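What follows is a short report on a single structure.
Since we're looking at a predicted model, the values are computed, not measured.
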Amino acid sequence: MIVLRDHTQKNIITIFLTPIVVSMTLIGVVYLVAILTGTGLDTYKFVKAGTKAWFHAGNEIGAILSICLPVILLYGIRSTKNVVHLVYWIPALLVIFSLVMLGTKVGYLAIIISLGLALFALVVSQLLTKQPNLKPSLLIISVLLAGVLLSTPYTPAFSNTETHIRIIDEITGEVEEPMPEAPEVVIDEDAGVLKRYSNRVINILLSSRQIFLKNTHEMFVEAPLIQKLFGMGYAGIYPERPKLVEMDFLDLFYSYGIIGSIVYMLPIFYAFVLLFKNVRHHLEKLLLVEFLLVFSSLFLGFGIAFIAGHVLFAPAVSIYLAVLGSVGTVLLLPGEAP
């Protein structure tokens with residue numbers, strides 16, 4: 001780790017994050033071509049809008065783009081010296097465009113959170129360092145954030161949220177006119193579960209995952225002690241077909257049990273201990289734009305894992321989280337800030 005610090009800390013952003021910028025740009029190009037040619041796959045099966053381009057799993061590609069967006073913005077910030085350097089913002093524009101067209105709430109909220117945190121990081125860095133080369137990025141980020149907010153009513157995510165509200169109202173019997181097509185998940189117990197276990201806000205935020213949580217928790221309660229301690233396996237003791245809760249930390253608990261999930265999480269706990277140990281001695285570094293945006297990616301990654309899933313158990317997603325966690329740890333090692 002000392003060798004890594006001595007030889008790469010100054011260039012850690014470039015060395016580790018350039019491949020991420022390249023891969024996210026390629027994904028954005030694929031999205032653009034798929035939409036222009038009309039060959040993209042629908043994100044949802046029924047009435048909701050959005051496209052996952054040529055990718056198989058919409059949730060996973062959305063999680064990847066969401067986690068990487070803050071560091072894509074960091075690439076634009078580091079590369080921009082004046083307003084004419086707009087070419088360096090093409091990767092960010094492609095990623096934002098892809099997340100908008102995906103149509104998921106996670107993707108849209110990731111855009112707002114990432115741009116908001118980037119704006120905050122730039123303001124803090126500008127106040128502390130008075131760097132003139134941050135002003136063009138501050139203007140660009142402000143324009144991007146304003147553009148996304150103003151276009152919200154026309155985005156697939158907004159349309160899908162309205163559709164989701166309508167589906168919830170139909171299931172719970174609050175509207176009489178049915179949807180023109182069947183909603184994505186409708187089971188006999190949905191109305192009771194939606195009424196007893198959450199309000200409309202929770203339903204929208206969790207995309208009604210509490211239905212799957214209720215079913216899996218009932219399996220866990222009825223499971224023998226050995227399965228409570230070491231887990232019920234993938235998707236629990238399902239009667240017909242497997243169905244995860246789609247909230248990674250809960251799926252982890254039910255699949256591996258009390259002891260199993262603790263053992264599984266030990267490396268992550270250890271990484272957090274080291275991270276916070278370094279944070280205590282380098283609080284001034286956390287106010288720099290590089291650190292704020294890298295840790296924004298980690299925040300988004302674990303937040304998505306908690307609420308929407310498809311992060312910890314998806315190797316294509318978790319590898320980005322692992323790389324960014326390594327970058328954050330190295331950046332906090334003693335040494336000159338990048």
Side-chain angles (χ1 to χ4, degrees), residues 56-60 62-64 66-67 106 184-199 201-280 295 297-326 328-329:
H56 176 68
N59 287 322
E60 291 185 13
I64 292 171
S66 299
I67 291 170
V106 167
E184 186 172 355
V185 178
V186 176
I187 59 176
D188 293 339
E189 298 178 350
D190 277 0
V193 173
L194 290 174
K195 287 181 178 179
R196 290 196 305 270
Y197 288 87
S198 62
N199 56 32
V201 174
I202 298 298
N203 280 317
I204 295 171
L205 181 64
L206 298 181
S207 296
S208 301
R209 286 181 175 87
Q210 69 273 19
I211 298 171
F212 310 132
L213 172 58
K214 170 185 174 292
N215 295 335
T216 304
H217 183 70
E218 288 177 351
M219 296 180 197
F220 182 79
V221 171
E222 296 173 0
L225 178 61
I226 189 68
Q227 289 188 323
K228 286 184 172 68
L229 294 177
F230 295 99
M232 300 183 294
Y234 179 80
I237 314 169
Y238 51 89
E240 297 179 2
R241 62 185 181 88
K243 188 68 187 80
L244 295 171
V245 178
E246 296 188 38
M247 299 171 72
D248 281 350
F249 291 103
L250 291 175
D251 280 322
L252 174 66
F253 175 78
Y254 291 120
S255 297
Y256 291 90
I258 298 172
I259 296 177
S261 57
I262 291 174
V263 173
Y264 188 102
M265 291 294 294
L266 278 178
I268 297 179
F269 290 148
Y270 180 68
F272 272 110
V273 169
L274 291 180
L275 195 61
F276 285 113
K277 181 180 178 182
N278 286 326
V279 165
R280 285 188 308 157
F295 286 107
S297 288
L298 296 176
F299 167 76
L300 282 172
F302 284 104
I304 294 170
F306 182 77
I307 294 176
H310 305 280
V311 175
L312 300 182
F313 294 133
V317 182
S318 58
I319 187 171
Y320 289 96
L321 195 62
V323 169
L324 291 170
S326 300
T329 302

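In terms of modelled atom types and a separation under 3.5 Å, the side chain of Ser255 and the main chain of Gly231 share no donor-acceptor contact. The closest donor-acceptor contact from the side chain of Lys228 to the backbone of Ile258 lies at 3.5 Å or more, if one exists at all.
To the nearest 0.5 angstrom, Glu218 atom CD is 10.0 Å from Leu213 atom CG. Of the inter-residue distances, the one linking Ile307 atom CD1 with Leu250 atom CG reads 11.5 Å to the nearest 0.5 angstrom. Distance check: Leu321 CG to Ile304 CD1 gives 9.5 Å after rounding to the nearest 0.5 Å. Leu312 CG to Asp251 CG: the interatomic distance, rounded to the nearest 0.5 Å, is 10.0 Å. We find the OH-CE distance between Tyr270 and Met265 to be 16.0 Å, quoted to the nearest 0.5 Å. The distance from the CZ atom of Phe220 to the OG1 atom of Thr216 is 11.5 Å, given to the nearest 0.5 Å.
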- [ ] Under the side-chain contact (heavy atoms from CB on, under 4.5 Å) rule, what do Leu252 and Phe313 come out as? Steps first, then yes or no, please.
- [x] CA-CA 9 Å; Leu252 174 66; Phe313 294 133; 3.7 Å; yes
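Taking the ring pair (Phe, Tyr, Trp, His ring centres under 6.0 Å) definition, one finds that Tyr234 meets it with nothing, sequence neighbours left out. Legend: residues meeting side-chain hydrogen bond (donor to acceptor under 3.5 Å, both in side chains) with Glu60, ordered by chain and number and at least two apart, are absent.
Here the closest heavy-atom approach between residue Ser261 and residue Gly257 is recorded as OG-O, 2.6 Å. Residue Gly309 comes nearest to Asp248 through the heavy atom pair CA-OD1, 3.3 Å, listed as atom of the first residue, atom of the second, then distance. Between Ala308 and Val106, the shortest heavy-atom contact is CB-CG2, 3.6 Å. Val317 and Ala63 get closest at one heavy-atom pair: CG1-CB, 3.8 Å.
Surrounding CZ of Phe249 are more than 12 heavy atoms belonging to other residues, nucleotides or ligands, all under 6.0 Å away.
Aromatic ring pairs are classed by plane angle as parallel below 30°, tilted from 30° to 60° and perpendicular above 60°; the pair His217 and Tyr254 is perpendicular.
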